[in-house]
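Worksheet: one structure, shown below.
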There are 2 protein chains.
Amino acid sequence: MTRPAKKSPERMSPALLQGVAEQFKALGEPSRLLLMNLLFDGERTVGELVALSGLSQANVSKQLGVLFRTGWVLRDKLGLNVLYRLADDRTFTLCELMCNRVREQATAAADRLR
Amino acid sequence: MTRPAKKSPERMSPALLQGVAEQFKALGEPSRLLLMNLLFDGERTVGELVALSGLSQANVSKQLGVLFRTGWVLRDKLGLNVLYRLADDRTFTLCELMCNRVREQATAAADRLR
DNA sequence: TGACTATATTGCCGAATGGCGATATAGTCT
DNA sequence: AGACTATATCGCCATTCGGCAATATAGTCA
């Protein structure tokens, strides 16, 4: 091995690797991302999210469950309703980062076709 | 609806939603995350990644293909070898963000058990 | 109490996906 | 050319997972 080969910054433990992967995976689904995006506006009940998203009630409830278990959203019971809201400020940073990436890739792909 | 209900900042288009989801999904797998982590040290050939990761050659090649197609890594042929390297500086920011999240969740969970 | 409403859960199915062994491809060396 | 090496791809299997219809749960109201 004659190439530079920087010194390792820090090897991620298998457990951390698994944990981080779960976080990413939770956001790696358009339906869940849509729900997160709707929650950018503020807290919403499940019913509101069903109406706004066009997804089925069962599906919305299921995907919210995933987001809740992975710690991306919080919930409060309010009478019959359940209010969901974003749990982490970093959500905005994250999504902006990814959106920029996707947009850059799109323009790069467009340039490649010229 | 009597709750605040902020004005929508911006609705993500279905295409953007899909694109962002693909980005997240690509990182939502421990094996791929491990490869990315190994590439933090600098560029590596497939063979080196196989040795360092403990994954099979076929699997490493496959997962690198996913990371390449989603734009997370770049590759250069060098004789018989193929050198892979990270394609996006944001990778570091992203992983740090997620790692912090996971660590916070772990300590929070630990506190909850006291 | 019983009727009603909002949400969660269950069972199911089809599609997508990670991993493996085997094989194909492409580049190197003599 | 032929032997060899590094990487990519293929076919397969087992598992995971999104979505749906139906049902269960829990809270409200009269």
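Below, chain A is the first sequence line, B the second, and so on; all start at residue 1. None of these values were measured; they are calculated from a predicted model.
For B/K25 and A/G47, each mapped to the nucleotide of DNA chain C holding its nearest heavy atom, the one lying further toward the 5' end belongs to A/G47.
Residues A/L16 and B/R103 have side chains in contact (heavy-atom distance under 4.5 Å, counting atoms from C-beta outward). Side-chain contact check for A/Q23 versus B/R101: some heavy-atom pair is nearer than 4.5 Å. B/T91 has its side chain within reach of B/F40: a pair of non-hydrogen atoms, C-beta onward, lies under 4.5 Å apart.
Taking atom CG on A/L78 and atom C1' on C/dT5, their separation rounds to 14 Å, with Å as the unit. One interatomic measurement links the two molecules: CG of B/L27 to P of C/dG18, which rounds to 12 Å at whole-angstrom precision. One interatomic measurement links the two molecules: CG of B/L80 to P of D/dA8, which rounds to 12 Å at whole-angstrom precision. Between the CG atom of A/L49 and the C1' atom of C/dA6 there is a distance of 13 Å, given to the nearest Å. As rounded to whole Å, 15 Å separates atom C1' of D/dT7 from atom CG of B/D76. Nucleotide D/dT25 holds its C1' atom 15 Å from the CG atom of A/N81, rounded to whole Å. Atoms CD (A/E29) and P (D/dC17) sit 10 Å apart, rounded to a whole Å. In this entry the distance linking CG of A/L83 with P of C/dT7 reads 9 Å, nearest Å.
A cation-pi arrangement is found for B/R75 relative to B/F68, the charged atom lying closer than 6.0 Å to the ring centre and inside a 45° cone about the ring normal. Figure legend: cation-pi geometry between B/R90 and B/W72 absent, as NZ or CZ is not positioned both under 6.0 Å from the six-membered ring centre and within 45° of its axis.
For A/E104 and A/N100, the side-chain atoms include no donor-acceptor pair closer than 3.5 Å.
A close approach under 4.0 Å does not occur between any side-chain nitrogen or oxygen of B/S31 and OP1 or OP2 of C/dG18. Remark: B/Y84 is in phosphate contact with D/dA8, judged by side-chain N or O atoms under 4.0 Å from OP1 or OP2. An OP1 or OP2 oxygen of C/dT7 is reached within less than 4.0 angstrom by no side-chain nitrogen or oxygen of A/R75.
Residues from residues 52-69 of chain A with heavy atoms under 4.0 angstrom of DNA chain C, sorted by number: A/Q57, A/A58, A/S61.
Judged by distance alone, with hydrogens and angles left aside, the side-chain atoms of A/E22 form no donor-acceptor pair with the main-chain N or O of A/G19 at under 3.5 Å.
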